[in-house]
Each structure stands twice: as structure tokens, then as C-alpha cells.
Amino acid sequence: MNITAFSKALYSTWIYYSPERILFDAGEGVSTMLSNKIYAVKRIFLTHGHVDHIAGLWNIINTRNNAMGDREKPLTVYYPAGNRGIELYADFLKRANSELRFKLEFVPLKEGDKISLRDAESTNRYILPFSVNHTYSETAFGYHVIEVRKRLKEEYRSLPKDEITNLVKTLGNEQITETYEKKVLTVSGDTILLKREDISDTEILFHECTFLKREDRKFNNHASLDEVIDLVKDANVQTLVLYHISSRYIRSIERTLKKVNVPGTKILFVHPERIFEF
Ligand SMILES: [Zn+2]
Ligand SMILES: [Zn+2]
């Protein structure tokens, strides 16, 4: 189990990705629900400044500063540069907690920045923020977790194993392999809809799906189910996790989602009233 999440549109959203100890967004209740795991979080990536995505920050800071867990571990909070709501909140948090026992840092990000996750050269992963369309007043990001991997160059892929072993001996590993970048996780944040190029080939896609029926949407700020399903068709997404679902669908959600099917893609959803684990 690598992911623990909670998401209910308008109320609270957070996604904890344990392999990298990252929290994407920090909605209300996150410390209460993650409990001891809140000490494991090293980095928080905020998608935007709406209160259902950031309200839990104050609690995280307070819990880590006062409870019995490890108080020394630094915490870095990344956010879309220029997001005024987050900057005001960060300023308040720093002032209200002027004597923290751990190092708390807020780091503004621009689209395309690469945030390296590991220092060891053998396992190379980084976070890549990308811009998304949400509301006019919000600078909003989605995030990719990208892994740099190695594979055989195309011309060697069909060769039998012993020939490849020979080639490694004669030419060396470097000559016959190439590096490529694989999206292992993509988080949409709140958005009208991501672009095909942003989501294609990702292993796990968390896409917001506030509306299960398009006709329930009044403003063009959030995605609806039919659009998200269309988007992932033929996009080589292994697992699609629908989240940020409006609580108006609590009674019908399971019935509705049973009917959707995308060949080659496993579809899951974060129930607006339950902790999601995957
Ligand atoms: Zn939201
Ligand atoms: Zn929002």
C-alpha cells in the first residue's frame, strides 16, 4: 500500500504517497486521519490555495511541533509561485509559529521546475509541476512523480538473452541502453480537465472528478466524469483514481462508477466519506 488519501470536494483533500513521503495537498483533518504517519511526511506539494486543500497545514505544523513523535525532521512546503492565498497563509503560519523545533520552509515553484527526491544516483526520481486551469484567480498546479529509468535501445530489444549478455561484455552497458522518463504518478489538483499529453503513459493518475453528471456543473472550474473517461481512453494509463467527488453523489456513486469502463485502465475512486488506500 503506497497511497492513503481522503477527498471530498469543498471540504478536504489530501493524498499521501508513502514511497517518497510526500503529501499532495493538506486539507482539513489530515493530521487526525494520518495520525503517526504525519511525522513521516518530508515534503508537501500544494496544488492551489483553496481552503479545502490547505487548511490542514496549521494542524500538521502544530502536531509535529508538540506531540511525542520526531520533532526534529524538517518539512518543506512547495506551492505555485505567486499564489497569493498560500503566501498569506504561509506568512501567518510562520509568524504564529516563530519558535518551531523543526525547520519549516515554503518554496515557490514554477512550471517545469524539477525537485529531486533522492540523492542516490541509482534511483532517480523527481517531481515535475505543471500548470492547470482551475479558476481565474488561482495559480494552480498538477504534479508528476517521474522516474528516470534505463532500457535496451530499440535495436537490441528483440535479441535473445545470451546475445545481449555478450553485447554487454563487448560494448558495455552504456552503449546498448538508453534512459527514459516514466510518470509513475500524476495528480491533477483541481482543474477543468488535464491535457492528453499530461496524462498519457502515467502509471497512476489521480484526476479530479467533482461532477458525476456534467449538467450539475454551473461554472467551468471542475471536471465531470464523462470528460475524464474520454481523456483516459487510449492514453495508456494503468490506474485511474477519481477524486474530489462532490458529496451530493454519495448515494449513487458506486452504481454510477460500476458502469464505466476503459479497456486497459483500472478505475478506482476516492469515496467522499472514506479513507482511500491503494
Ligand atoms: Zn477543491
Ligand atoms: Zn479549488
Side-chain angles (χ1 to χ4, degrees), residues 3-17 22-34 44-60 77-90 92-93 106 108-109 111 129-144 185-195 198-199 204-214 216-225 227-228 231 240-250 253 257 268-276:
I3 297 174
T4 309
F6 180 83
S7 185
K8 179 173 170 178
L10 202 66
Y11 290 81
S12 173
T13 284
W14 52 266
I15 299 164
Y16 178 55
Y17 183 58
I22 288 173
L23 191 62
F24 294 100
D25 284 334
E28 178 225 351
V30 55
S31 346
T32 312
M33 289 191 256
L34 271 183
I44 300 176
F45 288 87
L46 300 175
T47 60
H48 64 299
H50 285 160
V51 70
D52 51 323
H53 300 255
I54 64 171
L57 258 187
W58 192 359
N59 241 305
I60 294 172
V77 183
Y78 301 86
Y79 65 96
N83 188 300
R84 205 169 137 64
I86 295 177
E87 279 170 354
L88 286 170
Y89 187 37
F92 160 77
L93 289 172
F106 285 86
L109 294 178
E111 182 174 38
F130 59 97
S131 291
V132 304
N133 284 326
H134 184 29
T135 60
Y136 285 114
S137 54
E138 276 297 300
T139 335
F141 281 168
Y143 292 102
H144 296 298
L185 175 68
T186 299
V187 174
S188 72
D190 283 10
T191 181
I192 179 80
L193 195 68
L194 293 188
K195 297 186 199 88
D198 289 327
I199 61 114
I204 304 171
L205 168 64
F206 268 73
H207 200 298
E208 80 120 281
C209 185
T210 307
F211 298 102
L212 298 187
K213 290 188 204 149
R214 200 193 290 210
D216 293 339
R217 180 171 61 197
K218 291 190 183 67
F219 307 99
N220 255 6
N221 303 335
H222 292 285
S224 73
L225 179 62
E227 296 165 323
V228 183
L231 177 75
L240 165 68
V241 185
L242 302 163
Y243 79 117
H244 204 271
I245 297 172
S246 164
S247 52
R248 78 187 73 189
Y249 304 113
I250 281 173
I253 185 167
L257 291 173
L268 304 170
F269 68 97
V270 181
H271 190 287
E273 290 194 329
R274 288 183 216 143
I275 296 265
F276 171 87

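Just so you know, ligand 1 is whichever comes first in the structure, and atom 1 is the first atom listed for that ligand.
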Strictly under 2.8 Å, is the Zn ion (ligand 1) approached by any N, O or S atom of H244? yes
Suppose we only count N/O/S atoms under 2.8 Å; would E208 qualify as near the Zn ion (ligand 1)? no
Mark yes or no for whether T191, through its side chain, and N133, through its backbone, hold a donor-acceptor pair below 3.5 Å. yes
Verify the distance criterion only: is there a donor paired with an acceptor across the side chains of D25 and T13 at less than 3.5 Å? no
If you round to 10 degrees, what value do you get for the angle at the Zn ion (ligand 2) between H134 atom NE2 and D190 atom OD2? 100°
Does a donor on one side chain sit under 3.5 Å from an acceptor on the other, for D190 and H50? no
Classify the side-chain pair E138/T135 by whether it contains a donor and acceptor separated by less than 3.5 Å. no
Report the residue from Y16, Y78, W14 that forms a ring pair (Phe, Tyr, Trp, His ring centres under 6.0 Å) with F45. Y78
Using the Zn ion (ligand 1) as the apex, give the angle to atoms OD2 (D52) and NE2 (H53), rounded to 10 degrees. 90°
Please calculate the ND1(H50)-the Zn ion (ligand 2)-NE2(H48) angle and round it to 10 degrees. 90°
